[in-house]
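Within every chain, numbering begins at 1; the chains are lettered A, B, ... in the order of the sequence lines, protein sequences first and strands thereafter.
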Amino acid sequence: MPELPEVETIVNQLRPHLRGRQIAAVWVGWERIVDRPPVAEFCRRLVGQTFVAAERRGKFLLFPLHRGDTLLVHLRMTGHLRLLPSAVRPDRHTHVVLTLDDGQCLHYRDPRKFGRLYLVGDAQEVVGGLGPEPLAADFDVAALAAQLAGRRGRIKSLLLDQRFLAGLGNIYADEALFRAAIHPLRLGQSLTAEEITRLHAAVRAVLSEAIAAQGSTLRDYRSASGQSGRFQEQWQVFRRQGEACPRCGTALERMRVNGRSTHFCPSCQREDGGSADHRLLSPDCQVVSL
DNA sequence: ACCACAACCTGGCCGC
DNA sequence: TGCGGCCAGGTTGTGG
C-alpha cells in the first residue's frame, strides 16, 4: 500500500504518541510477520524498551529504542499501524500488538501478510542497501544524474528499484514520469540533461505535494490516526487510462512494465524522447503558455 | 546488468 | 449466490 508520502504521514502521526512510551507486552499472531530475530527473542528483547524516536527511511518506519535496538516496520502492500485503546481486541487481520504503558496498544494489521517487522541492533543491517532519499537536501540533479549514468534499465523499473532511489512506488513513479514528460520505457542512461533536471524536479514535487495531502488513499488505507489521504484526487495519470490527458487531451494509456501497471500519456511521453511537447515544459514541470 | 516470472497472501470486483 | 479470473500502493528469489 504505502509509498514514501504515506509512510511519512504515518511516522509523523505516531511520533508524539510513541516517544517516551514503554513497551509492556508483545503479542504475535502470525510469526512470519517478524522477519528477525526469531519470534521468541523479538518479544523478549522488545518488552521493557522505550521509544525514543520515530523516523522514516525510504518506505521503512524506524523506531529507535532506548537500549540501542531499532524496531523497523515495512508495510508492503496492505500493512497498517494503528494506536488503539487496550480494550480493543485484535481482529483477524491483526498480527502483532505492542501493549504500551499508557493504556494504548500499537496494532500491526495486514490482510495480505506481506509486511515485515525487524528488531536489530543496527538499522543499517536492514536499510543500508537503500538508494538516496529523494527529498534530502543533498539529493540534487547531479546526484540523480550519477545514479542514472550507465544504467541500461527502463526508467520506470529504475524508479521502482529501492537501491536506485528509496521511497517511490507505482503511483508516484508514474506521476513523476508524466510530469517530467518521460516515457516509462526510456533507458536510464539515455536521458538528456534537460530530462534529468525535469525528472528530479518532478519526483520531489510529486512527493512533497503528496505529503502535504497526507498521502493517497486506496480502498481502506488509513493513516495511523484513521484519517484518509487526499492525494488520489490529484493523480494525473495513475489508474486513469482511457481518460483525457490533463496536459494535451490525448487518451491516457496503460501498459505492463516489470509486471506492474504503468500509466502514461502516449503523446506527452514519447518513447523516442523527441516530443515537441518538450518546449512546452519548464524545468519545474509546469506547462508554459507560449 | 537486466528481464521475466513465480512466490508470498487475501480481498474486491467483474462477468457469467 | 456462487465461482472463476483478474486486479492490487511491494519485495525477493530463481533462472535465463
Undergrad: Tracing side-chain links under 4.5 Å among I, L, V, M, F, W and Y, which residues wind up in one group with A/L187?
TA: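 Its cluster partners, ordered by chain and number, are none at all.
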
Undergrad: Expected output is a numbered-order residue list: members of residues 230-242 of chain A with a heavy atom under 4.0 Å from any atom of DNA chain B. What is it?
TA: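 By residue number: none to list.
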
Undergrad: Give the dot-bracket line for DNA chain C from 5' end to 3' end: parentheses for intra-strand Watson-Crick or G-U pairs under 3.5 Å, square brackets for crossings, | for inter-strand pairing, dots for unpaired.
TA: .|||||||.|||||||

Undergrad: Return the set of residues passing ring pair (Phe, Tyr, Trp, His ring centres under 6.0 Å) with A/F139 (not counting sequence neighbours), or none when no residue passes.
TA: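 Checked A/F139 against ring pair (Phe, Tyr, Trp, His ring centres under 6.0 Å); matches are A/H200.
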
Undergrad: How would you list, by chain and number, every residue that makes a side chain to side chain donor-acceptor pair (under 3.5 Å) with A/R56, sequence neighbours excluded?
TA: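 Per chain and number, A/R56 pairs via side chain to side chain donor-acceptor pair (under 3.5 Å) with A/E8, A/E133.
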
Undergrad: Who passes side-chain contact (heavy atoms from CB on, under 4.5 Å) against A/C105, sequence neighbours left out?
TA: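 A/C105 satisfies side-chain contact (heavy atoms from CB on, under 4.5 Å) with A/S86, A/V97, A/T99, A/H107 once adjacent residues are dropped.
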
Undergrad: Which pairs of donor and acceptor atoms, one on a side chain in residues 248-255 of chain A, lie under 3.5 Å apart (sequence neighbours left out)?
TA:
from   : atom 1 : to     : atom 2 : distance (Å)
A/R254 : NH1    : A/S261 : OG     : 2.9

Undergrad: Who are the ring pair (Phe, Tyr, Trp, His ring centres under 6.0 Å) partners of A/H183, not counting sequence neighbours?
TA: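 Listed in chain order: A/F264.
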
Undergrad: Specify the residues of residues 148-157 of chain A, ordered by number, for which at least one heavy atom lies under 4.0 angstrom from an atom of DNA chain B.
TA: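 Hits under 4.0 Å, by residue number: A/R151, A/R152, A/G153, A/R154.
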
Undergrad: Could you tell me which residues satisfy side chain to side chain donor-acceptor pair (under 3.5 Å) with A/D69, sequence neighbours excluded, listed by chain and number?
TA: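 Result, side chain to side chain donor-acceptor pair (under 3.5 Å) vs A/D69: A/R45, A/Q49.
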
Undergrad: Please name all residues satisfying side chain to side chain donor-acceptor pair (under 3.5 Å) with A/T94, sequence neighbours left out, ordered by chain then number.
TA: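 Result, side chain to side chain donor-acceptor pair (under 3.5 Å) vs A/T94: A/D91.
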
Undergrad: Got a sec, which pairs hit salt bridge (charged side-chain N to carboxylate O under 4.0 Å, His left out) with one end in residues 160-170 of chain A, sequence neighbours left out?
TA: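 For residues 160-170 of chain A, and leaving out neighbouring residues, the salt bridge (charged side-chain N to carboxylate O under 4.0 Å, His left out) pairs sorted by first residue read A/D161-A/R163.
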
